[in-house]
Engineer: 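Take this structure, written in structure tokens, and hold onto it; I'll ask about it next.
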Amino acid sequence: MPDLWVVGDIHGAYDKVRAILLRAGLIDFDGAWTAGDAHLVFLGDYMDRGPDGLGVVRFVRNLEIQARLAGGQVTALLGNHEVMFLAAQRFRRTDPDDQYGFTDYWISNGGQTRDAARMEAGDHAWLSERPALARAGNWLLMHADTRMYTRFGSTIEEINAAIQAVLHTNDPEAWGSFANAFADRFAFALNGGEKSAWQVLRTLGGDRLVHGHTPVYILLDENMHGPTLGPGAPIPYAGRLCVAMDSGMAYRDDAGFIARLDATGIAEVVTFPSGAPLH
């Protein structure tokens, strides 16, 4: 099985994610794919909060093409911030006074108007086509630590199709309901979390799941382990059924990491800014 690398929420931290991927040996100094047949997964939330969401979107789109030509693969999942952004843009003409509140919701959650102003039709289309879930080997890949996904179906294919239908409808209630549900978190960390993780895996397949959405330092605080120091690291939890991958790279100067996963768990972590792999 090719190497499986996973990176969590980037939130516009374009320079930082490029530096981390370079240190992991997945790209060169020009940002071109050098990872051969490896599989690189982005867990969503490419934009908002940070300085260059559009740069991140274009970078991931280019890597997707380059990896395919080299015999590798890039999987870029849908994050809840993409949903907020797409809702705000879809309804801005039919709802100029923002009575539905989509624009306010997006802006209040770190939406960057400069990204919206520079987005082109191809960028919008690419964001709208992001899958919600994927599988790689024995790993279930998802953006958010929520059971919301299984409301849309009982297989990955059913769920992705149902969520695609929401992203292409003009029904504001469907968009609002989905955006609110996508904000849920901690489904696998609080009481009964291990059972919830097991139920999701039993339904959708896989032995373990990996997600972003909830920064690792927040997850640690919720589990009474205290805050992380330095760039942090992915967190295995819920009986090691889950791995949390949101490093909070857009929130703290020293934060940011990428992980290589194997069949048994976390095989390698490359952090920012040290650049020294942790084995």
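The chain is numbered in sequence order, starting from 1. These figures come from a predicted structure and were not determined experimentally.
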Engineer: Does the side chain of Val200 reach to within under 4.5 Å of the side chain of Leu140, using non-hydrogen atoms?
Structural biologist: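 When only atoms from C-beta onward are counted, Leu140 and Val200 do touch, with a gap below 4.5 Å.
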Engineer: Ignoring hydrogens, what is the shortest heavy-atom contact between Met142 and Leu209? Give both atom names and the distance.
Structural biologist: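 Minimum heavy-atom contact is SD-CD1, 3.9 Å.
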Engineer: Below 4.5 Å, heavy atoms only, C-beta onward: do Asp207 and Leu201 meet side chain to side chain?
Structural biologist: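 No, their side chains stay 4.5 Å or more apart.
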Engineer: Can you name the nearest heavy-atom pair linking Asp52 to Gly55, along with the distance?
Structural biologist: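 Closest pair (atom of Asp52, atom of Gly55, distance): OD1-N, 2.8 Å.
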Engineer: Using 0.5 Å steps for rounding, measure from the CE atom of Met119 to the CG atom of Leu86.
Structural biologist: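 Going from CE on Met119 over to CG on Leu86, the span is 8.5 Å.
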Engineer: Evaluate the criterion side chain to side chain contact (heavy atoms under 4.5 Å, CB included) for residue pair His11 and Met47; output intermediate values, then yes/no.
Structural biologist: CA-CA 4 Å; His11 282 303; Met47 52 197 307; over 6 Å; no
Engineer: Give the C-alpha distance, both sets of side-chain angles, the deciding distance and a yes or no for side chain to side chain contact (heavy atoms under 4.5 Å, CB included) between Trp5 and Leu261.
Structural biologist: CA-CA 6 Å; Trp5 289 89; Leu261 306 178; over 6 Å; no
Engineer: Between Asp171 and Arg90, is the closest basic N to carboxylate O distance under 4.0 Å?
Structural biologist: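 No salt bridge links Arg90 with Asp171.
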Engineer: How close do Phe272 and Ala255 get, heavy atom to heavy atom, and via which atoms?
Structural biologist: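 So the two residues come closest at CD2-O, 4.1 Å.
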Engineer: Of the non-hydrogen atoms in Ala189 and Leu219, which two are nearest, and what is the gap between them?
Structural biologist: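 Scanning both residues, the minimum pair turns out to be CB-CD1, 3.6 Å.
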Engineer: For a quick check under 3.5 Å, do Asp48 and Trp106 share a side-chain donor-acceptor pair by atom type?
Structural biologist: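 Note: Asp48 and Trp106 side chains meet the donor-acceptor criterion.
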Engineer: Looking at Arg208 and Glu194, is there a salt bridge between them, counting it only when a charged N and a carboxylate O are closer than 4.0 Å?
Structural biologist: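 Arg208 and Glu194: not salt-bridged.
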Engineer: Do Ile266 and Pro236 have side chains that get closer than 4.5 Å, going by heavy atoms?
Structural biologist: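 Of all side-chain heavy-atom pairs linking Pro236 with Ile266, at least one is under 4.5 Å.
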Engineer: Can a donor-acceptor pair be found between the side chains of His39 and Thr75 at a distance below 3.5 Å?
Structural biologist: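 On atom types as modelled, these side chains qualify, holding a pair under 3.5 Å.
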Engineer: Could you tell me whether the side chain of Thr103 reaches within less than 4.5 Å of the side chain of Phe91, counting heavy atoms only?
Structural biologist: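 No, every pair of side-chain atoms sits at 4.5 Å or beyond.
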Engineer: Any ion pair linking Asp115 and Arg118 (charged N to carboxylate O, less than 4.0 Å)?
Structural biologist: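 The answer is yes: the pair qualifies as a salt bridge.
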Engineer: Could you give the distance from CZ (Arg114) to CG (Leu54), rounded to the nearest 0.5 Å?
Structural biologist: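 Separation between the atoms: 10.5 Å.
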Engineer: Would you mind reporting whether Leu141 and Leu77 have side-chain heavy atoms less than 4.5 Å apart?
Structural biologist: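 Answer yes - side chains close enough.
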Engineer: Apply side chain to side chain donor-acceptor pair (under 3.5 Å) to Glu158 and Ser154, showing your working.
Structural biologist: CA-CA 7 Å; Glu158 286 178 359; Ser154 57; 3.2 Å; yes
Engineer: A cation-pi test, strictly: NZ or CZ of Arg151 under 6.0 Å from the centre of the six-membered ring of Phe178 and no more than 45 degrees from its axis. Yes or no?
Structural biologist: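 Judged by the rule (NZ or CZ under 6.0 Å from the ring centre, within 45° of its axis), Arg151 is not positioned above Phe178.
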Engineer: Would you say the rings of Tyr46 and Trp126 are close, in the sense that their centroids are separated by under 6.0 Å?
Structural biologist: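 Ring centres of Tyr46 and Trp126 closer than 6.0 Å.
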Engineer: Going from CD on Glu268 to CZ on Phe257, what distance comes out if it is rounded to the nearest 0.5 angstrom?
Structural biologist: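 Taking CD in Glu268 and CZ in Phe257, the distance rounds to 14.0 Å.
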Engineer: Salt bridge check, Asp28 against Arg23: does any charged N sit closer than 4.0 Å to a carboxylate O?
Structural biologist: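 Between Asp28 and Arg23 there is no salt bridge, as every charged N stays at least 4.0 Å from the carboxylate O atoms.
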Engineer: Indicate whether any N or O donor in one side chain lies under 3.5 Å from an N or O acceptor in the other, for Arg147 and Gln199.
Structural biologist: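 Judged by distance alone, the side chains do pair up.
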Engineer: Could you walk me through whether Leu43 and Val7 pass the side chain to side chain contact (heavy atoms under 4.5 Å, CB included) check?
Structural biologist: CA-CA 6 Å; Leu43 296 176; Val7 59; over 6 Å; no
Engineer: Do the side chains of Asp123 and Arg61 get close enough for a salt bridge, i.e. N-O under 4.0 angstrom?
Structural biologist: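 A salt bridge is present here (some side-chain N lies under 4.0 Å from a carboxylate O).
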Engineer: Can you confirm whether Phe42 sits close enough to Leu40 that some side-chain heavy atom of one is under 4.5 Å from a side-chain heavy atom of the other?
Structural biologist: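 With C-beta onward as the side chain, the pair touches.
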Engineer: Does Val270 form a side chain to side chain contact (heavy atoms under 4.5 Å, CB included) with Arg260? I'd like the steps, not just the answer.
Structural biologist: CA-CA 9 Å; Val270 177; Arg260 180 169 60 85; over 6 Å; no
Engineer: Between Tyr149 and His143, does the ring centroid distance fall short of 6.0 Å?
Structural biologist: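 They do not qualify: ring centres at least 6.0 Å apart.
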Engineer: Report yes or no: does Asn109 contribute a side-chain atom to a donor-acceptor pair with the main-chain N or O of His81 at less than 3.5 Å?
Structural biologist: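 Such a contact is absent between Asn109 side chain and His81 backbone.
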Engineer: Taking everything shown except Arg135 itself, do over 12 heavy atoms lie less than 6.0 Å from its CZ?
Structural biologist: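 Enclosed: over 12 neighbouring heavy atoms sit under 6.0 Å from CZ of Arg135.
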Engineer: Using only atom types and a distance under 3.5 Å, with no angle test, would you say the side chain of Thr169 pairs donor to acceptor with the backbone of Val166?
Structural biologist: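 No: the side chain of Thr169 does not pair with the backbone of Val166.
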Engineer: Atom CZ in Arg49, atom CE in Met249: separation rounded to 0.5 Å?
Structural biologist: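 So the CZ of Arg49 and the CE of Met249 are separated by 14.0 Å.
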Engineer: Return the minimal non-hydrogen interatomic distance between Met245 and Val6, and the atom names on each side.
Structural biologist: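 Heavy atoms only, the tightest pair is CE-O, 3.0 Å.
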Engineer: Checking side-chain polar atoms at under 3.5 Å, does Glu129 have a donor or acceptor matched by the opposite partner on His124?
Structural biologist: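 Note: Glu129 and His124 side chains miss the donor-acceptor criterion.
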Engineer: Rounded to the nearest 0.5 Å, what separation is found between the CG atom of Asp9 and the CG atom of Asp246?
Structural biologist: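 The CG atom of Asp9 sits 3.5 Å away from the CG atom of Asp246.
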Engineer: To the nearest 0.5 Å, how far apart are OG in Ser247 and NZ in Lys16?
Structural biologist: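 It comes to 7.0 Å.
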Engineer: Is the ring pair His211/Phe188 parallel, tilted or perpendicular, if the boundaries are 30 and 60 degrees?
Structural biologist: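 Tilted, since the angle between the ring planes falls between 30° and 60°.
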Engineer: Between Leu21 and Phe59, is there a side-chain heavy-atom distance shorter than 4.5 Å?
Structural biologist: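 In short, these two side chains touch, coming nearer than 4.5 Å.
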Engineer: Less than 3.5 Å apart, any donor N or O on the side chain of Asp145 or Thr214 sitting next to an acceptor on the other?
Structural biologist: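 On atom types as modelled, these side chains qualify, holding a pair under 3.5 Å.
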Engineer: Are any of the side-chain heavy atoms of Tyr237 and Val243 separated by less than 4.5 Å?
Structural biologist: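 No; the side chains remain at least 4.5 Å from each other.
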Engineer: If I compare all heavy atoms of Ala132 with all of Ile163, which pair ends up nearest, and what's the gap?
Structural biologist: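 Shortest heavy-atom separation between Ala132 and Ile163 comes out as CB-CD1, 3.5 Å.
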